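Small disclaimer: the values here were computed from a predicted structure and weren't measured. Chain letters run A, B, ... following the sequence lines, proteins first, then strands; residues in each count from 1.
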Amino acid sequence: MSSILSGLNPEQLEAVSLPHQSALILAGAGSGKTRVLTTRIAYLIQSGQASPHGVLAVTFTNKAAKEMIARLSAMLPINTRGMWIGTFHGLCNRMLRLHHRDAGLPQLFQILDVQDQLSLVKRVMKAMGVDGEKFPPRQVQWFINGNKEAGLRASKVEAYDDFSRRMTEVYAAYDEQCSREGVVDFAELLLRCFELLQANEILRDHYRERFAHILVDEFQDTNRLQYLWLRLLAGNRCAVMAVGDDDQSIYGFRGAHSANMQSFERDFGVAKVIKLEQNYRSHGNILDAANHLIRNNRTRLGKNLWTAESHGEPLRVFQAPTDLDEAAYVVDEVKALSREGVALSEIAVLYRSNAQSRVLEHALFNAGLPYRVYGGLRFFERQEIKHALAYLRLAANPDDDNALLRVINFPARGIGARSLEQLQESAKAAGGSLWQAACERSAVGGQPVGRALPVDPRPATTGRPASSPLKGIPAFVALIESLRAATQGLPLPEIVEHMVEHSGLKQHYQSEREGADRLENLNELVNAAVGFVHEAEDDSLPAFLAHAALEAGEHQAEEGAQALQLMTVHSAKGLEFHGVFITGLEEGLFPHEQSFNQDGGLEEERRLMYVALTRSKRRLYLTFAQSRMLHGQTRYNVSSRFLEEIPERLMKWVNLTAPFAPVLVPEPKPKSKSAVSFTVPKASHGWQVGQSVTHPKFGSGVIVNCEGHGPDARVQVRFTRAGVKWLALEYARLTPA
DNA sequence: CTAGCTGCTGTTTTT
DNA sequence: CAGCAGCTAG
């Protein structure tokens, strides 16, 4: 017992060994929050106050859940498999699978990711004849999720104006369509689970009996629904330990409600709030900077981090003329750090928005520095993977219209908009899924059956009722049936492999010019299935599909490899690095301009900056650029106000530019760098046929043709790797080889 | 029906 | 600059 508790400071110890009561732990960045949580679980189990079976621990990200399980396994000789440790979505998914009947869901319900959800929303809107101009689908999606996350079904939404009334109608229709298809979106996982527990007393009591201890990580990020879910699940006898930091609440934009911390104190009868304020991560200057910055926020619970460590180095501030120069600086400094012996995996480059990673990646790639990007397009979100998954989903549940629509004509098999329209109409008329409608048509050799016929609005076409589409649809039905039959009972990896091989996807990408990467990803999908079988308790196809939806990014981030870490500030939360670059510190970017009109938006941006600062253990860089390419045009920004909120004495301006010097508007750059630096009399733009060139993306090649003059000048280049391409000289960054 | 083109638009953060 | 909807030629 003493072994797991040794080394804890008094506050940590108090938190870990609390008696059976609900508690709120205010845990500052780097104060050993995860350690407290895991040690608490270990303590409860080791002292016999709880069994592994009777503890539920919920986190916000998969990464955090994994971390917790790993640390727990290291601390105690117990099997952590089967323990209820996971994300809100993961745990709700688990509960819904176990009780799908009570929850009113098919056993094999599928999970819609953001893209799937959006396309379903669009489909529903189209069917209802809702104007997509007046009601942007994204906004409708946001509306639906927002209400679900507030715990509101369409029938409970209070709509006082025509606009929200119409949106609410779409919400209702969308939910109906989801249940027809047997699919649930992310928010639905939570809401459905909540409703299940609410409606089913026996089940509720069962789980309340079972989970005597609930632990919640990142409590400040919980939304209304998650809070209600916790309260419902906890009942009166459960001890809930909520750990959070209001200063790190950065998900307000999607409904997180850090006031849940205050509600928690009240609703759960918290006797004492424990504050963890000693920071074990960063040197003093870094903490000073973070503390000063966050003091500019009005709405805080109040907390001040301190450290026993020395001040360390000053923060290094770098002002770059352009985003390219900023990237170049990052490259140089990373190289220097690396030479000093700092592992690349201990260095992170942070940015506010994903779009910023491009320029950085480009510079790193050219410098030959290995890097890994978190976020962005995740593995399971790639087009070819989504296609393959759609085939798999159809094998598991053919009524999944989203999946069907994705692949019914991919690879192309002659099913166009017209036949789809007809299919959708007959499905609607029969009140069934698209798959059912497709089967009906195929079954009788092309004759539309029974009631399916009369809806055709154009009498002219009734002469030859839907003859052309019937070539494609029966072929599709037959394909799916044969895939299903062939994979029946096979182990998961073989199912996946069979699908990839025989769905026509592989063939399609083999014949496609740029299909090599996609093929590789498809192979990687088979590997993912193999890995999944080894790791997961449930290695069925539906479990794999759920995994794909819930842990979309898992596969591109190989742990431990020696690579520089690139990520948004959001995804950096909870991580720490020896050296951190916070880039793009410009007004409009960080803080983001979208935050200016949002309620409390600026304070959230500041908390985001606080999170960014506190990721660093030792070395911290703050960089910004005076001009930056954004959305295809150059923008001139001033430095971020956050730089001014950090005391000057903590910072060192490394490029010797006076701080807050007036922004110089650079002269317009020459149209094409290469055209200026390279002059050959032959042509006005300086390039000639036969010349060897290199392109940042396509690599090396030879010019095979030229045409046009001035801004319209183009050259045709035969690249060694990328084939033959026409490039506009004004834009292509071509260099002589 | 398909493929390929044009022209438009929307842009933050994520389970 | 992307991704996408809508259009046109084959």
Over all atoms of both residues, closest heavy-atom pair of A/E586 and A/N637: OE1-ND2, 3.2 Å

Between B/dT12 (P) and A/L350 (CG): distance, integer Å: 19 Å

Roughly how many Å apart are B/dT13 and C/dC4, using the C1' atom of each and rounding to a whole number? 23 Å

What do you reckon, is CZ of A/R224 surrounded by more than 12 foreign heavy atoms closer than 6.0 Å? no

Value in whole Å for how far the C1' atom of B/dT15 lies from OH of A/Y374: 17 Å

Want to settle it: does A/L420 or A/S595 sit nearer the 5' end of DNA chain B, counting the closest nucleotide to each? A/L420

Separation of C/dG3 C1' from A/R138 CZ (nearest whole Å): 10 Å

Is A/H89 stacked against the base of B/dT15, taking the criterion as centroid distance under 5.5 angstrom and interplanar angle under 30°? no

Using the test ring-ring contact (aromatic ring centres under 6.0 Å, His included), find all partners of A/H508 that sit at least two apart in sequence or belong to another chain. A/F410

Nearest-Å distance, CG (A/L112) to C1' (B/dT14)? 16 Å

Is any side-chain nitrogen or oxygen of A/T568 closer than 4.0 Å to OP1 or OP2 of B/dT12? no

A/K63 NZ to B/dT15 P, in whole Å, measures 8 Å

What do you reckon, do A/Y251 and the base of B/dT14 stack, with centroid distance below 5.5 Å and planes below 30°? no

Tell me if the side-chain of A/R352 makes a donor-acceptor pair with the base of B/dT13, cut-off 3.5 Å, by modelled atom types. yes

So, the side chain of A/D116 versus the backbone of A/D113: is there a donor-acceptor pair under 3.5 Å, distance only? yes

Looking for any heavy atom pair under 4.0 Å, which part of the strands does A/S571 touch: base, sugar-phosphate only, or nothing? sugar-phosphate

Looking at every strand, decide which applies to A/F60 at a 4.0 Å heavy-atom threshold: base, sugar-phosphate, or nothing. sugar-phosphate

Please figure out whether A/T87 or A/N409 has its closest DNA chain B nucleotide nearer the 5' end. A/N409

Please give, in whole Å, the distance from B/dT11 C1' to A/M629 CE? 15 Å

Is the shortest side-chain N to carboxylate O distance from A/R607 to A/E604 below 4.0 Å? yes

Between C/dA5 and B/dT12 - C1' atom distance, rounded Å: 24 Å

Could you tell me the separation between the NE2 atom of A/H570 and the C1' atom of B/dT13, rounded to a whole number of Å? 4 Å

Indicate the atoms forming the closest heavy-atom contact of A/Y509 with A/Q383, along with that distance. OH-OE1, 3.2 Å

May I ask you to say what A/Q598 touches in the nucleic acid, namely base, sugar-phosphate or nothing, with a heavy-atom cut-off under 4.0 Å? base

Contact class for A/K122 vs. all strands (heavy atom < 4.0 Å): base, sugar-phosphate, or nothing? sugar-phosphate

Residue A/S353, side-chain atoms from C-beta onward, closest of B/dT12, B/dT15, B/dT14: B/dT12

Please determine if a side-chain N or O atom of A/R358 lies less than 4.0 Å away from the OP1 or OP2 oxygen of C/dA2. yes

Separation of B/dT13 C1' from A/R607 CZ (nearest whole Å): 13 Å

Is the phosphate of B/dT11, meaning OP1 or OP2, less than 4.0 Å from a side-chain N or O of A/N354? no

What does A/D113 touch in the nucleic acid at a heavy-atom separation under 4.0 angstrom: a base, only the sugar-phosphate, or nothing? nothing

